[in-house]
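Each residue takes its place number in the sequence, starting with 1. These figures come from a predicted structure and were not determined experimentally.
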Amino acid sequence: MLVVDDDFMVAKLHSRYVSTMDGFDVVGVAHNGAEALRAAERLRPDLVLLDIYLPDMDGIDVLRALRSAQERDASRPSTDALFITAARDAGVIRAALRAGALHYLIKPFHRSALQDQLRHVASLRARFDGLGEARQEDVDQIFGTRPPGSRELPKGLAAPTAGLVERTLRDHPGGLSASECAEAGSLSRVSARRYLEWFAGTGRAEVTLRYGGTGRPERRYRWTG
């Protein structure tokens with residue numbers, strides 16, 4: 001990952017946020033657009049954390065230059081971009097989207113917001129790596145075009161409990177049964193099962209069956225985001 005921000009302390013802070021996450025490494029830091037492009041050419045990062053406001057050029061022009069370089073060199077690995085900026089103008093946000101940004105975080109933000117986006121990027125890359133021929137549901141999840149309301153909590157489920165179950169699943173990447181999730185989250189098994197099934201139905205948890213000695217399969221849930 002390449003971190004690009006004109007503020008040395010902010011770049012250092014973002015790098016620290018990244019370094020606390022398994023599977024992510026900061027390979028370089030740049031403080032202006034030209035330096036960012038040289039670093040991207042040399043380091044070939046998977047992801048660039050990119051500010052809009054840079055002293056020599058704006059971050060959108062940097063992303064466009066990265067895209068142009070990739071088009072000229074088909075052997076060059078694909079680099080994704082996540083904007084982290086104080087720019088709030090809707091026109092700027094639209095331009096970032098059209099330039100190919102994966103997401104756009106407005107400063108200031110909590111560390112967990114960045115970490116959630118990094119997990120999302122990792123999930124997208126893993127999904128693409130595992131896809132041969134995509135189904136429509138794969139495309140919908142990649143582009144975030146599920147029908148409105150499909151991820152809204154149904155009646156009887158509460159956001160705090162949903163958050164607790166989500167964190168519990170994230171903390172156990174190998175997956176959990178409803179009983180294990182209930183024990184880890186201090187919930188009833190029935191309650192845990194309801195939230196797990198909702199996450200599975202909205203595509204954020206994967207369900208697998210494990211057969212034991214009783215011959216009755218156990219449903220296990222793994223967070224996919």
Colleague: Can you tell me how far apart CG (L118) and NE2 (H103) are? Round to the nearest 0.5 Å.
Modeller: 11.0 Å
Colleague: Could you measure the distance from the CD atom of E166 to the CG atom of D171? Nearest 0.5 Å is fine.
Modeller: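 Reported value, rounded in 0.5 Å steps: 10.5 Å.
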Colleague: What are the two closest heavy atoms between A81 and R67, and how far apart are they?
Modeller: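 Smallest heavy-atom distance, with atoms named: N-NH2, 4.4 Å.
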Colleague: What distance do Y221 atom OH and E197 atom CD have between them, rounded to the nearest 0.5 Å?
Modeller: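 Interatomic distance, Y221 OH to E197 CD, rounded to 0.5 Å: 3.5 Å.
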Colleague: Using atom types as modelled and distance alone, determine if a side-chain donor or acceptor of D56 lies under 3.5 Å from a backbone N or O of G33.
Modeller: yes
Colleague: Is it true that, when you exclude E183 itself, more than 12 heavy atoms of the residues, nucleotides or ligands shown sit nearer than 6.0 Å to its CD?
Modeller: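 No, the 6.0 Å shell around CD holds no more than 12 heavy atoms from other groups.
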Colleague: List the atom pairs, donor and acceptor, that lie under 3.5 Å between side-chain atoms in residues 87-100 and the rest of the protein, sequence neighbours left out.
Modeller:
unit_1: D89; atom_1: OD2; unit_2: G91; atom_2: N; d: 2.9
unit_1: D89; atom_1: OD2; unit_2: V92; atom_2: N; d: 3.2

Colleague: I'd like to know if the side chain of S123 and the backbone of R119 have a donor-acceptor N/O pair within less than 3.5 Å.
Modeller: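 It does not hold such a pair.
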Colleague: Rounded to the nearest 0.5 Å, how far apart are CZ of R125 and CG of L102?
Modeller: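 Spacing of CZ (R125) from CG (L102) equals 8.5 Å.
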Colleague: State the SG-CG distance between C181 and L187, to the nearest 0.5 angstrom.
Modeller: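 Answer rounded to 0.5 Å: 6.5 Å.
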Colleague: Quick one: does any side-chain atom of T79 pair with a main-chain N or O of D46 as donor and acceptor, under 3.5 Å?
Modeller: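 It does not hold such a pair.
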Colleague: Rounded to the nearest 0.5 Å, how far does CD1 of I84 lie from CD of Q117?
Modeller: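 Here the interatomic distance stands at 9.5 Å.
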Colleague: Walk me through it: do R64 and D58 pass the test salt bridge (Lys or Arg N to Asp or Glu O under 4.0 Å)?
Modeller: CA-CA 10 Å; R64 288 172 178 155; D58 69 49; 5.7 Å; no
Colleague: Between the side chains of S179 and R189, is a donor N or O closer than 3.5 angstrom to an acceptor N or O?
Modeller: yes
Colleague: Which residues satisfy the ring pair (Phe, Tyr, Trp, His ring centres under 6.0 Å) test with F24, sequence neighbours excluded?
Modeller: none
Colleague: Using the test ring pair (Phe, Tyr, Trp, His ring centres under 6.0 Å), find all partners of F109 that sit at least two apart in sequence or belong to another chain.
Modeller: H14
